Amino acid sequence: MNSFIEHTGKIAVLDRANIDTDQIIPKDYLKSIKKTGYGEHLFQDWRYLENGQPNPEFELNQKRFEGASILVAGNNFGCGSSREHAVWAVLQAGFRVVIAPKKVLGQNIIPAFADIFRNNSVKNGLFLIELTDSEANELMALVNAHEGLQATIDLPAQKIILQFANGSQAEGEKEFAFQIDPMVKQHFLEGLDEIGQTLKYQNEIGRFEKKHDVQI
Amino acid sequence: MPQTLFEKVWQNHVVCELPGGQTLLYIDRHLIHEVTSPQAFEGLRQTNRAVRRPDLTFATMDHNIPTVDRFNLIDPIAREQVKTLEKNCAEFGIPLYGLDSDRQGIVHVIGPELGLTLPGTTVVCGDSHTSTHGAFGALAFGIGTSEVEHVLATQCLVQTKPKTFLVDFQGQIPKGVTAKDLILKLIGTIGTAGGTGYVLEYSGLSIRSLSMEQRMTICNMSIEAGARAGMIAPDDTTFHYIANGNRPFTPKGKELEKAISFWQSLPSDEKASYDRRITIDVSSMAPQVTWGTSPGMVTDVTQTVPNSDQVPGLSPSDVEKALTYMGLTPGTRLTDLKIDVVFIGSCTNSRIEDLRAAASIFKGKKVATSVTALVVPGSEAVRKQAESEGLNKIFTEAGAQWRMSGCSMCLAMNPDKLNPGQRCASTSNRNFEGRQGKGGRTHLVSPEMAAAAAVEGHFVDIRTWL
């Protein structure tokens with residue numbers, strides 16, 4: 001995978017919770033033996049009407065989000081099936097970053113992203129950012145209030161820096177700090193080949209296999 | 001220090017700890033299928049890497065095969081995926097239970113059937129319902145295609161140790177309530193993300209009373225609660241299942257005795273601690289029916305469709321979107337919902353006991369004229385068993401269709417799918433928008449509830465029939 005250090009792009013908002021991988025890439029588009037060709041079918045069933053025309057009601061079809069590369073969505077994004085095609089579709093549709101809120105509801109903590117989707121994202125260089133519920137709401141409100149709002153994701157500094165266009169409200173810049181697992185951070189900064197890394201442990205794996213009984 | 005079942009299995013598979021706190025974990029069984037593996041093999045070819053343990057890798061095709069005429073794969077892209085799997089298995093020396101094999105079936109049905117799934121092992125597959133195999137006390141979880149490639153090349157995975165979550169189902173399971181209802185109730189209680197980051201362990205006397213197949217139904221839907229894995233401690237029920245039946249990969253004779261004495265050491269120690277616990281009283285439970293577009297949108301069959309502001313943990317706008325998609329009006333009784341299609345099958349509920357349960361409802365009755373009913377066995381072995389018991393006759397005499405094995409209408413990647421607007425009572429695991437066909441409306445239920453809905457043409461509280 002390629003390294004990810006900094007990214008600047010337009011932000012789009014899709015304020016729905018529990019967006020599952022069946023919505024991200026419907027199964028009709030999984031029947032390929034390749035890793036490419038999924039971007040045009042991202043959110044297919046929401047994006048297009050029966051007659052194949054773009055659905056004007058769907059948020060991401062709005063002109064103000066055209067060309068966006070940073071997606072802000074609801075919590076538990078990417079739940080459901082393990083299909084990595086969902087991550088390929090998001091990336092191939094032009095998104096490099098997905099931002100979602102972690103929600104706390106009493107004893108229940110609803111994470112921003114589902115587990116398998118998160119893993120698949122790391123392997124493919126799709127950068128995920130978890131904000132608090134109130135931060136995400138504030139970010140969504142700012143995007144909705146400022147058409148064409150751009151952000152820079154600064155990974156070394158762990159910041160989302162919003163850049164308000166000249167002529168809009170003179171708010172200058174606004175920042176959101178984010179947390180990230182140090183291993184994941186290193187993985188993105190260096191763009192590591194994980195299989196290559198693991199193959200450095202061939203001797204350890206071989207030794208383990210000698211003493212390990214796979215039947216029990 | 002006292003350990004949980006999960007911690008014991010995890011510890012037995014640690015190859016080494018990696019800098020940064022992650023673990024290199026050894027994988028005992030790698031199951032692959034036609035949809036999520038082609039790009040992984042392509043990656044191996046591009047990097048000139050081999051499959052480290054083809055003897056621990058097992059393949060079948062299940063997702064996109066037709067259930068009527070399985071050799072007549074009309075869809076050219078589905079055919080290419082099937083051919084590609086055949087080619088990859090031949091090239092890398094991986095055993096394949098293909099379309100012509102009498103052991104072919106849904107990957108999570110044939111793993112246990114063949115004896116590949118054993119207590120204390122690690123099992124992975126490029127499919128989120130791999131959690132099914134946890135019913136045996138295996139650590140089993142779904143992975144993406146990059147991880148499939150990683151396991152093919154190294155027989156290991158780089159993992160962060162998950163947290164532990166004990167789910168204690170207390171009380172006796174009432175008549176008419178099934179394993180399916182228990183897991184739906186849990187998902188409704190903790191939400192579809194309540195288990196994210198955890199490995200669930202199901203315990204309690206009610207779990208002990210369940211058969212292996214019922215335990216598989218529970219573990220299967222762990223992922224619908226957000227947990228990659230769910231586990232049940234092995235016991236005599238587990239050992240009996242493993243020791244009996246035609247299971248070529250189980251240890252035999254002295255080896256089996258040795259294995260059982262090891263497996264008996266796997267259950268969680270009495271004083272083991274968990275990161276989270278929940279107790280669910282099953283003794284007063286009712287059969288469950290989902291009403292929305294997420295498995296957590298579920299309630300008792302006796303209830304009505306909720307108002308958008310009456311669902312804890314969900315925003316009114318998300319509930320409204322779900323109700324609009326499902327074509328439902330708040331206040332409607334679930335038992336008044338007319339059903340167009342009934343699907344009995346999937347890796348959740350397609351094993352022989354599920355088919356027997358459905359047949360006991362269909363026996364001597366007819367599928368309502370307004371309903372199309374499909375019964376799809378989870379494997380060819382299940383199909384043959386069902387036919388030897390005459391269950392297929394009960395289904396066809398009632399007017400239901402009897403098919404060959406496969407994933408079928410659970411995910412509609414094959415010719416079995418709903419038409420837009422059709423309402424389906426389904427024994428599968430996901431009621432996402434479009435899951436069973438674009439515009440299709442899915443209600444998840446147990447096999448008994450699905451069969452009764454087929455007969456009446458609407459949902460019924462199965463308890464009134466018992």
Side-chain angles (χ1 to χ4, degrees), chain A residues 15-18 20-23 26-28 30-35 45-46 50 74-76 79-85 87 103 105 107-111 113-117 119-120 123-124 181-183 186 193-199 201-202 204-205 207-209 212-216, chain B residues 15-16 20-22 24 26 28 35-36 38-39 42 47 49 56 64 75 77-78 80-81 84 118 120-121 126-128 142-147 149-150 153-156 158 190-194 196-197 226 228 251 255 259 262-263 294 313 315 318 321 411-413 430 432-435 438:
Chain A
D15 185 11
R16 305 184 189 202
N18 300 312
D20 59 74
T21 52
D22 274 82
Q23 291 319 316
K27 65 260 167 192
D28 313 77
L30 300 184
K31 289 185 211 154
S32 165
I33 57 167
K34 299 194 177 67
K35 272 193 187 181
D45 291 349
W46 287 343
E50 281 300 310
N75 52 261
N76 200 24
C79 61
S81 122
S82 63
R83 60 187 71 161
E84 199 157 317
H85 314 64
V87 173
K103 244 181 153 143
L105 279 167
Q107 215 198 343
N108 279 341
I109 294 170
I110 306 178
F113 302 99
D115 263 347
I116 304 180
F117 184 85
N119 275 339
N120 289 341
K123 316 283 181 208
N124 289 277
D181 181 308
M183 283 306 294
Q186 191 194 351
D193 161 23
E194 198 180 66
I195 297 178
Q197 293 291 311
T198 299
L199 286 171
Y201 293 91
Q202 296 241 40
E204 282 83 354
I205 299 171
R207 273 202 297 277
F208 180 88
E209 281 176 328
H212 177 71
D213 184 346
V214 295
Q215 284 283 69
I216 52 175
Chain B
V15 173
C16 59
Q22 287 187 299
L24 194 60
Y26 198 76
D28 295 324
V35 177
T36 57
Q39 295 87 352
E42 197 51 36
T47 48
R49 287 169 178 151
L56 299 182
N64 65 25
D75 181 343
I77 317 172
E80 190 181 11
Q81 280 187 331
T84 302
L118 296 173
T121 57
D127 188 283
S128 61
I143 56 178
T145 298
S146 294
E147 290 178 312
E149 185 179 340
H150 196 283
T154 69
Q155 202 58 30
C156 293
V158 176
I190 67 170
T192 52
T196 305
R228 285 176 79 183
E255 288 296 307
F262 170 70
W263 294 337
S294 165
S315 75
D318 283 336
K321 277 197 186 90
L411 85 169
M413 263 191 93
R430 288 190 176 132
F432 297 154
E433 282 184 35
R435 170 79 178 182
K438 195 173 175 179

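Protein chains get the first letters and strands the later ones, always in sequence-line order, with residue 1 at the start of each. All figures in this text were calculated on a predicted structure; none of them were measured in a lab.
- Using a 4.5 Å heavy-atom cutoff, the side chains of A:Lys27 and A:Ser81 are not in contact.
- Per-residue counts of heavy-atom pairs under 4.5 Å with chain B were compared for A:Gly74, A:Gly196, A:Ser32, A:Ala114; the largest is that of A:Ser32.
- Every residue two or more places apart in sequence or in another chain was checked for a ring pair (Phe, Tyr, Trp, His ring centres under 6.0 Å) with B:His150, and none qualifies.
- Heavy atoms closer than 4.5 Å to chain A are found in the side chain of B:Gln22, but not in its backbone.
- Neither the backbone nor the side chain of A:Phe117 comes within contact range of chain B, judged by heavy atoms closer than 4.5 Å.
- For B:Glu42, no part lies under 4.5 angstrom from a heavy atom of chain A.
- Taking the six-membered ring for Trp and thresholds of 30 and 60 degrees, A:His212 and B:Tyr26 have ring planes more than 60 degrees apart, a perpendicular arrangement.
- A:Lys34 touches chain B through its backbone: at least one of N, CA, C or O sits under 4.5 Å from a heavy atom, while the side chain does not.
- At a 4.5 Å heavy-atom cutoff, the contact between A:Asp193 and chain B is made by side-chain atoms alone.
- Only the side chain of A:Asp28 has a heavy atom closer than 4.5 Å to any heavy atom of chain B.
- Ion pairing between B:Glu147 and B:Arg228 holds under the 4.0 Å rule for side-chain N and carboxylate O.
- With a 4.5 Å cut-off on side-chain heavy atoms, A:Asn18 and A:Asn75 count as touching.
- In this structure, chain B has heavy atoms under 4.5 Å from both the backbone and the side chain of A:Ile205.
- Residues passing the side-chain hydrogen bond (donor to acceptor under 3.5 Å, both in side chains) test with B:Glu80, sequence neighbours excluded: none.
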